[in-house]
Amino acid sequence: MPALRVTPITAPAQSKAQASKSKPYSRTTTSTTKSKSKSETVSQPALPDSTLTFPTDLIARSRFKLPNGKAVTGHQWKVYDYILSIPVGKVTTYGHISTALSSSPRAVGGALRDNPFAPYIPCHRVIASSLFIGGFQGEWGKEDVTTEKGREESQKLAKKLRVLEEEGVNFDSKGKLIGGLEKVWNGE
DNA sequence: TTCCTGACGATTG
DNA sequence: ACAATCGCCAGGA
């Protein structure tokens with residue numbers, strides 16, 4: 001089965017300085033058309049994860065079924081593949097992704113909302129084009145997530161903020177990205 | 001197939 | 001700065 005086993009790894013607390021050189025994450029890909037099966041290394045942060053596998057080739061993907069029995073759509077695979085290349089320590093926006101994939105921001109949001117491979121597929125690195133924190137795990141963050149009360153109401157968003165903080169990406173008291181475009185990855 | 005709903009974004013008043 | 005509106009398009013019922 002040419003798929004990646006996403007093994008649970010304890011997340012090491014990363015500092016801003018370390019963020020850019022996180023431990024390489026290895027995955028193996030098997031080419032069915034060519035007998036050239038080889039493994040490639042992808043730079044990904046070590047994060048705890050579900051035990052779901054992330055298939056990388058068409059055959060495995062066509063066979064893939066979620067625990068609930070449903071399949072992952074072509075559009076979803078495209079979105080997941082794309083955000084997999086967002087560097088640690090950076091974020092990008094729904095708008096950018098939709099432009100890159102000739103989709104729409106709302107469709108991208110939908111794919112991320114249903115992301116079964118989180119956090120291996122780093123949907124937490126996607127924020128709103130206004131540079132506000134955006135959504136996570138099905139909830140849309142109010143742009144005021146940092147008041148004591150706001151945090152309690154949005155545990156999920158707080159988690160997204162925490163994960164990004166570990167990767168060296170911070171937000172101000174109103175939930176807006178600190179550092180502006182310096183922190184935004186645009187496909188290059 | 002048609003209709004409706006969204007982790008969005010850009011425009012407008 | 002903010003809220004209302006509309007365009008977007010992928011999925012699901």
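Labels below follow one simple rule: chain letters A, B, ... track the order of the sequence lines, proteins then strands, and each chain is numbered from 1.
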>> Rounded to whole Å, please give me the gap between CG in A/Leu66 and C1' in C/dG11.
In response: 14 Å
>> Looking at A/His75, I'd like to know whether one of its side-chain N or O atoms comes within less than 4.0 Å of OP1 or OP2 on C/dC9.
In response: no
>> Are the side chains of A/Arg125 and A/Leu164 in contact, using a 4.5 Å heavy-atom criterion?
In response: yes
>> With ring pair (Phe, Tyr, Trp, His ring centres under 6.0 Å) as the criterion, how do A/Tyr80 and A/Phe64 come out once you've worked through the C-alpha distance, each side chain's angles and the decisive distance to 0.1 Å?
In response: CA-CA 14 Å; A/Tyr80 302 154; A/Phe64 188 84; 9.9 Å; no
With sequence neighbours left out, write down each residue that passes side-chain contact (heavy atoms from CB on, under 4.5 Å) with [X], or none if nothing qualifies.
X: A/Lys70; answer: A/Asn68
X: A/Ile178; answer: A/Asn170, A/Asp172
X: A/Thr73; answer: A/His75, A/Gln76

>> Distance under 4.0 Å to a non-hydrogen atom of chain A counts as contact; along DNA chain B, which nucleotides mark the start and end?
In response: B/dG6 to B/dA10
> What is the ring orientation for A/Phe117 with A/Phe54, classed by angle as parallel under 30°, tilted 30 to 60°, or perpendicular over 60°?
Replying inline: perpendicular
> Who are the salt bridge (Lys or Arg N to Asp or Glu O under 4.0 Å) partners of A/Arg106, not counting sequence neighbours?
Replying inline: none
> Quick one, which residues of residues 97-113 of chain A touch DNA chain B with a heavy atom under 4.0 Å?
Replying inline: A/Pro105, A/Arg106, A/Gly109, A/Leu112, A/Arg113
> Does A/Tyr120 share a hydrophobic cluster with A/Leu66, counting links as ILVMFWY side-chain heavy atoms below 4.5 Å and allowing steps through other members?
Replying inline: yes
